[in-house]
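Because the structure is predicted, anything quoted here is derived from the model rather than measured. Read the numbers this way: they start at 1 and go in the same order the structure lists the ligands and their atoms.
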Amino acid sequence: MAPEHSANPLKLGVLISGSGTNLQAIIDAIGRGELAAEIRIVISNRADAYGLERARKAGIRTLVIDHRKFPSRQDFDRRLAAELRAADVELVVLAGFMRLLSSVMLQAFPNRIMNIHPALLPSFPGLHVQKAAVDYGVRFAGCTVFFVTEGVDDGPIIIQAAVPVYPQDSEETLSARILAQEHRIYPRAIALFQQGRLEVSGRRVLIKGLQAPRDPPVLINPPLTES
Ligand code: GRF
């Protein structure tokens, strides 16, 4: 049986605050035919976000909504929700959007807001997490795409990628290694949603039709043997 959304391109609204490399990865995945989606609108809370330029180059409608012009988080969210609804958006994609959402947005798009975080949640929620991972001395870091809930970086997890952390890593080198994987997993998470394969069950996200590999890959860092 065909998944419920598979026939139609999914209508996305992407929210950004900065450089927009994840937005670019989504634009590129759509361009390559790997993701059946259409970005209806890109909204930034900052007028200087480079991601706006990326959107314009791709011919996508952009909008700046400056959060500082609203008396409360809820008022800002009401405006966001109104614009996203007016653009007919089905899934809201946070891509480096540096504002916390209130219940106003969560109720407007229940289980329809995704975010990406540059750590293996539930480890290292919040800000500056690549530096925190280096400082802590973990052997693996990574990134997580999840459904946004009221808690910070706390929602049901859709997909994660793990990368090794090396003793000589800096915040910058680890961030770059993680970001490269963000660009791979975000389009995949959105594609699974578009195919109607994601089902939220409490904390867990079930993926319809996914078989666990017989011989799953195992990462060990440092490796067991050295060449
Ligand atoms: C990424 O590291 C993402 O995980 C975090 O903010 C950064 C955004 O990067 N939420 P970009 O704007 O997509 O380049």
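Considering every non-hydrogen atom in both Pro156 and Val200, the closest pair reads CG-CG1, 3.9 Å.
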Taking a 3.5 Å cut-off between nitrogen or oxygen atoms, can you list every pair linking ligand 1 to the protein, with distances?
{"residue": "ligand 1", "atom": "2 (O)", "partner": "Glu182", "partner atom": "OE1", "Å": "3.4"}
{"residue": "ligand 1", "atom": "2 (O)", "partner": "Glu182", "partner atom": "OE2", "Å": "3.0"}
{"residue": "ligand 1", "atom": "4 (O)", "partner": "Glu182", "partner atom": "OE1", "Å": "2.8"}
{"residue": "ligand 1", "atom": "4 (O)", "partner": "Glu182", "partner atom": "OE2", "Å": "3.2"}
{"residue": "ligand 1", "atom": "10 (N)", "partner": "Ile116", "partner atom": "O", "Å": "3.0"}
{"residue": "ligand 1", "atom": "12 (O)", "partner": "Gly20", "partner atom": "N", "Å": "2.8"}
{"residue": "ligand 1", "atom": "13 (O)", "partner": "Thr21", "partner atom": "N", "Å": "3.3"}
{"residue": "ligand 1", "atom": "13 (O)", "partner": "Asn22", "partner atom": "N", "Å": "2.8"}
{"residue": "ligand 1", "atom": "13 (O)", "partner": "Asn22", "partner atom": "ND2", "Å": "3.0"}
{"residue": "ligand 1", "atom": "14 (O)", "partner": "Ser19", "partner atom": "OG", "Å": "2.7"}
{"residue": "ligand 1", "atom": "14 (O)", "partner": "Thr21", "partner atom": "N", "Å": "2.8"}
{"residue": "ligand 1", "atom": "14 (O)", "partner": "Thr21", "partner atom": "OG1", "Å": "2.6"}

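Partners of Tyr50 according to the ring pair (Phe, Tyr, Trp, His ring centres under 6.0 Å) rule, which considers only residues two or more places apart in sequence or in another chain, do not exist here.
Shown here is Arg32, whose CZ atom has more than 12 heavy atoms of other residues, nucleotides or ligands within 6.0 Å.
Between Arg40 and Glu38 there is a salt bridge, since a side-chain N of the basic residue sits under 4.0 Å from a carboxylate O of the acidic one.
Ring orientation note: the planes of Phe76 and His67 are nearly perpendicular, at an angle over 60° on the 30°/60° scale.
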Please evaluate residues Asp154 and Arg203 with respect to the criterion salt bridge (charged side-chain N to carboxylate O under 4.0 Å, His left out), reporting the C-alpha separation (whole Å), side-chain torsions for both, the decisive distance (0.1 Å), and the verdict. CA-CA 9 Å; Asp154 191 35; Arg203 269 224 59 89; 3.7 Å; yes
